[in-house]
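Each remark here refers to the structure printed beneath this line.
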Amino acid sequence: MHEHDVIVVGGGGAGLRAAIAASEEGADTAIVSKLHPVRSHTGAAEGGINAALREGDSWEMHAYDTMKGSDYLGDAPAIETLAKDAPEEVINLEHWGMPFSREDDGRVSQRPFGGLSFPRTTYAGAETGHHLLHTMYQQAVKHGIQVYDEWFVSELAVTDHEDPSDRQCHGVVAYDVKTGEVEGFKANRGVILATGGPGQVFEHTTNAVANTGDGYAMAYRAGVPLEDMEFVQFHPTTLPSTGVLISEGVRGEGGILYNAEGERFMFEHGYANNEGELASRDVVSRAELTEVNEGRGIDDEYVHLDMRHLGEERILDRLENILHLAEDFEGVDGLVEPMPVKPGQHYEMGGIETDENGETCIEGLYAAGECACVSVHGSNRLGGNALPELIVFGKRAGHHAAGKDMKEAEITTGYSEDAEPGEVDTPVEPGAVPTTSDDVAADGSGGALADPTAVVEEAVETEQERVERLLEKDEGLQHAAIREDLQDSMTQNVNVFRNEDGLKQALRDIREARERYQDVYVDDPSRTFNTDLIHTIETRNLIDLAEAITLGALARDEFRGAHWRQEYQERRDDEWLKHTLLRWNDGDPELFYKPVILEGENKTYEPKVRSY
Amino acid sequence: MSTQVPETETDAETETESKPHQERRLAEKEARREAADRERAAREELAAAESTVHLKVFRYDPEVEGKQEPRFDDFHVPFEKGMTVLDALMFARDHYDSSLTFRHSCRQAICGSDAMFVNGSQRLCCKTQLGELQEPVRVEPLPHQDVVKDLVVDMQHFYDQMESVEPYFQSEDLPEGELEEQRQSRENREKIKMSTRCIWCGACMSSCNIAAGDNEYLGPAAINKAYRFYMDEREEEDLEEHRMRILEQEHGVWRCQTQFSCTEVCPKDIPLTEHIQELKREAVKSNLKFW
Ligand SMILES: Cc1cc2nc3c(=O)[nH]c(=O)nc-3n(C[C@H](O)[C@H](O)[C@H](O)COP(=O)(O)OP(=O)(O)OC[C@H]3O[C@@H](n4cnc5c(N)ncnc54)[C@H](O)[C@@H]3O)c2cc1C
Ligand code: SF4
Ligand code: FES
């Protein structure tokens with residue numbers, strides 16, 4: 001068994017920042033990650049990172065834009081923390097050597113981004129995430145943080161008290177991809193989940209193949225609520241054939257969207273008369289799909305994004321990477337022709353419920369980054385707001401886990417006093433399929449109430465048995481088929497446009513996937529680098545996540561931010577200024593709600609009609 | 001504009017006119033869709049008939065009987081325009097043999113995990129179009145690295161070399177006030193720009209003859225990493241000296257014999273050989289200064 005003070009699961013932007021912070025506080029810190037840190041998906045972020053750094057801008061303006069962008073579903077204490085801490089964190093990155101793009105006077109450059117009232121997006125070319133990830137990994141090396149790379153974490157070691165808020169997390173169980181060993185990692189102070197997004201729930205996504213939402217699913221099954229999962233962001237400009245992202249920076253620099261008839265539809269069809277292409281992402285995504293659905297799309301599939309008029313010099317200076325992407329993945333030369341684009345899954349606004357210090361309702365369990373929901377993005381994330389979230393809340397989680405004194409959080413977690421039970425009418429029963437203990441899909445029973453070491457040991461044992469069963473089974477279904485059908489159904493039914501029939505169909509398909517999963521088996525018998533096994537475990541996580549997203553979407557009968565419902569075309573603040581929470585209660589997903597916190601430090605954010 | 005709305009349309013008419021306009025569009029869309037369906041059906045037929053791509057893929061697993069002896073497996077994967085080598089490998093794995101093992105993640109040339117030896121040269125599979133390759137397409141693990149299984153190689157040595165050059169910013173010369181960045185000129189950022197693009201794919205190291213013969217040679221990627229810091233004007237001069245000492249060691253820059261193979265294969269177009277040469281010149285300059 002390995003033992004450290006703080007164990008960070010995941011080596012992306014959030015995980016690295018958390019680990020560095022914990023290590024700065026003197027904690028013996030380790031990162032356990034299924035990919036080597038520099039392979040994490042943070043490296044793919046292109047556009048930039050928001051921080052109020054300049055005269056004329058202020059953290060208050062950043063907070064206001066974020067609240068408005070969220071369609072009033074963000075919590076003020078989280079949003080204000082983000083806006084206040086971001087400048088220091090961005091300067092910190094600069095001090096660590098991050099190669100930001102520069103102005104003539106040597107200061108870091110900033111550019112406009114959708115939904116921002118000030119050009120506050122700092123960037124490093126169109127490869128901001130790559131530089132951020134590598135800069136932070138370099139600091140992790142400098143701090144001598146131990147990295148277990150290519151270790152797949154499959155389960156949390158949590159005590160089995162009946163009420164999740166009484167449970168404690170003592171570590172994780174991980175599988176050494178290279179050798180096939182299942183081992184325990186005991187955390188004396190805390191476990192931080194920083195496992196990134198769940199894009200693979202959908203077929204067309206900007207996310208990496210490794211983004212399978214493992215952290216969400218592990219926390220969910222351990223009893224932590226998932227919050228606001230129905231809010232899935234679709235990015236309006238992805239390449240049609242692969243889902244590769246064309247950064248919002250293109251529109252920020254002045255790129256224009258055209259339909260098949262050569263119309264600048266954002267204005268000409270009145271989708272956003274003021275902001276045009278720079279309206280927020282949900283607005284632009286819907287506009288594009290409406291164009292396509294009404295017959296004005298190109299090849300009935302996409303629209304054009306044109307940046308030629310920006311001129312070669314400016315494109316090469318600020319968007320060079322976009323030229324490479326369009327060329328390599330779509331065969332289009334962005335300097336001489338417009339690029340084809342359509343909406344694709346991009347970001348999960350919801351996630352593991354945490355407070356401003358990154359802590360969940362289970363003691364010793366933290367989450368940060370895309371897998372967490374402190375609730376800064378509400379129902380729609382503004383471009384350039386995820387990267388500051390990683391570093392601001394990654395750092396706070398790291399500090400807290402390492403034992404630093406933190407101001408008490410204002411956001412409550414778990415099923416607390418202000419929680420209100422919810423109900424939703426589903427066509428099939430959601431949740432776990434009944435299993436016997438030797439089924440491949442059977443779960444562990446949770447650790448005994450004994451000492452921490454015993455809790456980890458027991459979790460390891462259950463996990464070893466599960467892996468054994470998957471490997472020993474000789475025939476049945478392979479995960480790839482289940483995964484593909486699941487992704488298809490989600491793309492079909494839980495996409496940018498949603499309606500009740502589609503959502504119910506998705507629930508039926510998810511149920512079917514669950515039932516088929518009972519029969520799953522791993523064909524590759526090897527213990528060495530068995531990716532078949534890893535993908536099989538991931539697929540199980542995808543099923544849980546797909547269900548959480550769909551259940552939340554079916555329950556929320558209003559139109560807010562990224563969540564559009566055909567039957568309900570209005571935002572209904574009287575009933576829905578609240579967060580959706582879903583908790584795994586012995587395999588039975590339990591729905592409840594808690595109010596949004598609109599009171600900030602100096603003011604209360606009044607919900608207004610969002611217009612762009 | 002290609003729209004054929006009659007020019008005479010007035011504001012008042014737009015309301016009533018927009019309907020037939022809309023219907024026309026929908027009818028056109030329907031017609032296009034039918035045409036597309038026909039085309040797709042034809043394509044599928046063609047695919048079923050012959051449009052496949054032939055891959056020869058290296059297989060090896062130390063643990064599984066029958067795979068302990070390295071061999072090549074043949075896969076015939078349905079071909080679609082725009083398909084990359086990675087797409088083909090994924091198809092083969094998901095539809096024919098789930099034990100086929102390779103690293104991959106981002107599918108957009110940024111995570112650096114799928115560098116392999118394709119038709120005799122080091123490439124990122126996700127960035128390599130199948131249509132541009134001669135058939136059969138041979139896919140092998142990166143040469144000169146230990147094979148773990150199938151197309152997966154052990155990257156530890158590469159990581160160790162990368163980390164041996166102290167690849168982290170060490171400047172102490174930070175501006176007073178908390179919220180003040182260090183200044184860097186545009187020229188200097190431009191100077192280090194290419195060197196910061198490295199994604200740790202290991203292609204360069206695998207292509208280098210010298211690295212193959214001298215296990216301790218820092219290798220092109222690590223030297224490039226050192227270049228990135230050495231040339232950054234924000235680090236102080238005494239650090240420069242420290243970095244030069246690492247670069248000038250026995251297995252450092254002087255081992256490079258300017259064969260350019262690293263530069264040729266780097267998927268990020270980093271001028272590696274040039275960077276190494278520049279550092280050699282710097283080494284000479286600093287030596288002159290010391291003597
Ligand atoms: C293409 C693209 C462009 C973007 N551009 C921007 C932008 O310009 N600005 C912005 O603010 N945001 C942007 N975003 C969003 C932002 O980049 C992501 O939300 C963010 O990088 C996620 O970081 P993370 O640290 O939470 O997760 P990741 O970087 O995805 O890291 C997850 C880590 O967890 C590990 N992991 C996962 N599962 C397991 C497991 N079971 N066991 C062990 N380890 C595990 C992985 O190995 C990885 O190290 C973009 C996103 C995408 C996809
Ligand atoms: S220098 Fe180029 S080839 Fe070498 S590891 Fe970096 S990206 Fe790969
Ligand atoms: S899959 Fe990431 S570089 Fe190819």
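Side-chain atoms are counted along with the backbone in the values below, which use heavy atoms only and exclude waters and symmetry mates.
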* To do: Look at the rings of B:Trp200 and A:His134 and say which category their plane angle falls in: under 30° parallel, 30 to 60° tilted, over 60° perpendicular.
  => tilted
* Side chain proximity check, B:Asp94 to A:Gln478, heavy atoms < 4.5 angstrom -> no
* Okay, side chain of A:Gln139, backbone of B:Tyr168: is any donor-acceptor separation there less than 3.5 Å? -> no
* To do: Using distance alone, with no hydrogens and no angle criterion, decide if B:Ser99 and A:Asp532 have a side-chain donor and acceptor under 3.5 Å apart.
  => no
* So do the side chains of A:Glu94 and B:Arg234 get within less than 4.5 Å of each other, counting heavy atoms only? -> yes
* To do: Please answer whether the main-chain N or O of B:Glu180 pairs with a side-chain N or O of A:His95 as donor and acceptor at a distance below 3.5 Å.
  => yes
* Would you call A:Asp149 and B:Tyr159 a side-chain contact if the rule is heavy atoms closer than 4.5 Å? -> yes
* Cationic N near anionic O, under 4.0 Å, B:Arg103 to A:Glu150 -> yes
* To do: Determine yes or no for a side-chain-to-main-chain donor-acceptor pair under 3.5 angstrom, with B:Glu63 supplying the side chain and A:Thr528 the backbone.
  => yes
* Asked: Are A:Asp524 and B:Lys149 ion-paired here, with the side-chain N under 4.0 Å from a carboxylate O?
  -> yes
* Do B:Arg186 side-chain atoms and A:Gly106 backbone N/O form a donor-acceptor pair below 3.5 Å? -> no
* Determine whether B:Ser105 and A:Leu35 make a side-chain contact, defined as any pair of heavy atoms from C-beta on separated by less than 4.5 Å. => yes
* Should B:Lys268 and A:His324 count as side-chain neighbours, where that means a heavy-atom distance under 4.5 Å? -> no
* Structure fact -> Here the pair of heavy atoms bringing B:Gln108 nearest to A:Ala44 is NE2-CB, 3.9 Å
* Passes salt bridge (charged side-chain N to carboxylate O under 4.0 Å, His left out), A:Glu320 versus B:Arg197? Steps please. -> CA-CA 12 Å; A:Glu320 186 189 338; B:Arg197 293 206 168 148; 3.1 Å; yes
* Should the pair B:Glu181-A:Arg102 be classified as a salt bridge under the 4.0 Å nitrogen-to-oxygen rule? -> no
* Atom of B:Met90, atom of A:Val209 and distance for their closest heavy-atom approach -> CE-CG2, 4.3 Å
* Locate the shortest heavy-atom distance separating B:Arg107 from A:Thr206; write the atom from each residue and the value. => NH2-C, 4.3 Å
* Structural part of B:Ser113 lying under 4.5 Å from a heavy atom of chain A -> both
* Taking the side chain as every heavy atom from C-beta outward, state whether B:Phe229 and A:Gln138 have any pair of such atoms under 4.5 Å apart. => yes
* To do: Measure across B:Arg228 and A:Pro99 and return the closest heavy-atom pair with its distance rounded to 0.1 Å.
  => NH2-CD, 4.0 Å
* Asked: Do B:Lys193 and A:Glu127 sit within salt-bridge range, that is, some charged N less than 4.0 Å from a carboxylate O?
  -> no
* To do: Give a yes or no on whether the backbone of A:Phe100 and the side-chain of B:Arg189 come within a donor-acceptor separation of less than 3.5 Å.
  => yes
